[in-house]
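Okay, structure first, notes after.
A, B, ... follow the sequence lines: proteins, then strands. Residue 1 opens every chain.
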Amino acid sequence: MDFAAILSNAFSELISPTTAAYALAALGLAVHFGYSGLLNFGQAGFMAVGAYGFAISTLTFKAPFFLALLIAVVAAAVFALILGIPTLRLRADYLAIVTIAAAEIVRYLVTTNGWTAVTGSANGLAAFEGGFFEMNPFPPGSYPMGMNNRDFFIRIVGWTLVIVAGIFVWLLMRSPWGRVLKGIREDENAVRSLGKNVYAYKMQALIIGGVLGALAGLIFTLPRGAIQPANYGTELTFFLWTCLLLGGMATVLGPVIGAMIFWVVLSLTQGILSGLIESGIITWLSTVQAGQLRFILVGIALMLLMIFRPQGVFGNKKELAFA
Amino acid sequence: MGAVFASVLAILLVIAPASQATSPSPAPSPSATSSPFSISGFLRNAGAALPDVKISVSGEGFEASTTSNANGSWTIGVPKSGTYKVELDESTLPEGVALAEGQENPRQVAFGQTSNQTTIFTFGAGIVVQQGNFAQDLTNRLVAGLSFGLLLALAAVGLSLIFGTTGLTNFAHGEMVTLGAVLVFVFNAMGLPFWLTLLLALVGGGLVGYVQDAGLWRPLRRRGTGLVPMMIVSIGLALAARYVILFYFGGATEQLPGAQSAEIQLGPISVSPNNLWSLIISAVVIIAVGLMLMKTRFGKATRAVADNPALAAASGIDVDAVIRVVWIVGGVLASLGGILWAYYRPGVSFNMGSQILLLIFAGVTLGGLGTVFGALIGSIVVGIFTELTTVFGAPADLKYVIPLGVMILVLLIRPQGILGRRERVG
């Protein structure tokens, strides 16, 4: 069993673009749930809207990179509006069911055979990342940790985006606007009685978190150079919730660290389990089953976190969106 | 049956790439050519392989064709990654077999990062060749929709009872549905007689309901855990349970005994015996549950707890006992719903419950959260909408989208659902 390889794999997960994407999306969820108390179970849908919005405008409409990026962001904002209008006046559990349903609707729509020409159906879309990598300022060559210039570039962009988004959310939440939002989380009626338009604030929060989700979808899909609709199922949303709750829901650092812990632990368990299987110490597991075992652990971790440490690693118990 | 099977198969193939990828049985045979890239697939109609069907691939300055082998599988090696046009020669299909509606032919297949692309053509047993009579189609779909709606209602009534008495939105209910079907499959594989497997699966469902309540939800209620954290706990439970089932059961889709049956003609309606049985069984069970709720002392106690737990406790009702029974009944109903769903799809797979979880939620929400008869009506509406969409020309792979859209629209107009009580929400 090669511990050095396992550790270096786990360490590379720490800064991988997928981790950055999870961190961004979980940050969006923090805006939704941690700061505003909105139960959004459709973050995977926002990611899908962002990714497909970018890919379709690049492939079908031949839009240049920044226009496609703008379209992806606007699409996510529109999606948030469509979701918010019927649900933001409803009780929290209705919002949860409607958002999860809307995310699935998006996934079904991009999978349907009728629009294969545009969405690529179940096979998804590919070869739309050219515009992004053309802007790569780093010359080809070898970079730290065996990366090439593409890997290096996407990591720089991804994590810069995470940092900028983190600072943005942090500034927002200590502004007067953010204080109203936290007030809504604590007691909606009290804020309403102060003459604030609660509905408008919730809608703005939904849009901001959703746009972060869409950017996450982009960072998730650019390094792969392909989108597959199966990646945007409800499980993705649940993993994002696990990241959020791991770190702490009403914090800026929480979702980021949560995503890092999530991926490092997944990589470590996979490495150790398959190492044990290969060296014949564990015989009652196949490698495929080892992969499944990890997700059983994710589920159990989510339950235990919620029961025993709902504020997460960094959270403050007073800042919980629920009593 | 053929039409239902073909459309269900088409849906499954399209919406469940995960199970498809892990399913070992219909995997295309490995390429014999030395080309680094290949396009492959398999041709099956209602479970039977279609041999000797001609398929041609062209694109990237390359052209080749092949015929499917005895297993119905085919592979064409291509020299490089890119986009290819794949065409199935429909004239080489056996008599009475045609591509299912909405199947693109020829179609574009683009390579992503993998060296093998799978593309699947789905078939209907001669359903496309001739559109059939609209009225007849409508009644057939209505019956199928009613059957589907009632099996959804089995699970939805349990979910609604649990929500009504404890306030919990249980995302793990889908896994309880899966469990019923998996248990029947497992006991059947052990060689037990069929009636006993059904009985054991129902008992198993009830037991899981009881254990869940006693081991998890009751302690959480004792701690005074809020409803939103409990909802998130149920998501964790759903995730863990789904992968536990995958761990032991595997990713393949298995069939229960008697899953394939020819349609029978009942007057103007043609229906498969399985759907008919499913319809009758779920109707009888739901009526029984309804009678229990309305006529018995226990039913009255349940409604009292749903209305106001504190007041019910003050008037001498053992709230915990009521909730315990509600969980057991919910488990049994979900289990039964799962068995019927396995015959309706048809097939048992680890994610079959999570596939209909949202439709169950849609039924419950449409009817009004926490109202049992609302759940029944909502589920029937969802079931019928699901089946009727194809009659009115919606593509078969979108038939689960329409009921979800309808749910969102109804919430816009009537947030409390069809039968829910009006209360101030936001």
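Taking the side chain as every heavy atom from C-beta outward, B:F247 and A:I296 approach each other to under 4.5 Å. Using a 4.5 Å cut-off on side-chain heavy atoms (C-beta onward), B:V233 and A:L302 make no contact. Using a 4.5 Å heavy-atom threshold, the side chains of A:M303 and B:L239 count as separate. Side chains of B:T225 and A:I307 form no contact here, defined as non-hydrogen atoms less than 4.5 Å apart.
Contacts of A:L39 with chain B are made by side-chain atoms alone, with heavy-atom separations under 4.5 Å and no backbone atom involved. Only the side chain of B:L216 comes within contact range of chain A, with at least one heavy atom under 4.5 Å from a heavy atom of that chain. When heavy atoms are compared at a cutoff of 4.5 Å, A:A127 does not approach chain B at all. The part of B:L220 that comes within reach of chain A is its side chain, from C-beta onward, which places non-hydrogen atoms under 4.5 angstrom from that chain. Within the 4.5 angstrom heavy-atom criterion, only side-chain atoms of B:L358, from C-beta onward, approach chain A. Within the 4.5 angstrom heavy-atom criterion, only side-chain atoms of A:E104, from C-beta onward, approach chain B. With a 4.5 Å cut-off on non-hydrogen atoms, A:F41 touches chain B through its side chain but not through its backbone.
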* Step by step, would you call A:I105 with B:I408 a side-chain contact (heavy atoms from CB on, under 4.5 Å)? -> CA-CA 11 Å; A:I105 288 177; B:I408 295 179; 4.2 Å; yes
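Scanning both residues, B:P229 and A:M306, for their nearest heavy atoms gives O-CG, 3.4 Å. Annotation for B:D397 and A:T111: closest pair OD2-O, 4.3 Å, computed over non-hydrogen atoms.
Counting heavy-atom pairs closer than 4.5 Å to chain A, the top residue among B:L237, B:T169, B:L227, B:T365 is B:L237. In terms of heavy-atom pairs under 4.5 Å with chain B, the best-connected choice from A:I300, A:I100, A:L125 is A:I100.
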For residues 226-240 of chain A, run the donor-acceptor check on the side chains, cut-off 3.5 Å, and write out each pair with its distance to 0.1 Å, sequence neighbours left out.
from: A:E235; atom 1: OE1; to: B:Y243; atom 2: OH; distance (Å): 2.7
from: A:E235; atom 1: OE2; to: B:R242; atom 2: NH1; distance (Å): 2.5
from: A:T237; atom 1: OG1; to: A:A44; atom 2: N; distance (Å): 3.1

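Within 6.0 Å of atom CZ in B:F385, 12 or fewer heavy atoms from other residues, nucleotides or ligands are found, so the atom counts as exposed in its surroundings.
Note that CZ of B:R223 is 5.5 Å distant from CZ of A:F308, once rounded to the nearest 0.5 Å.
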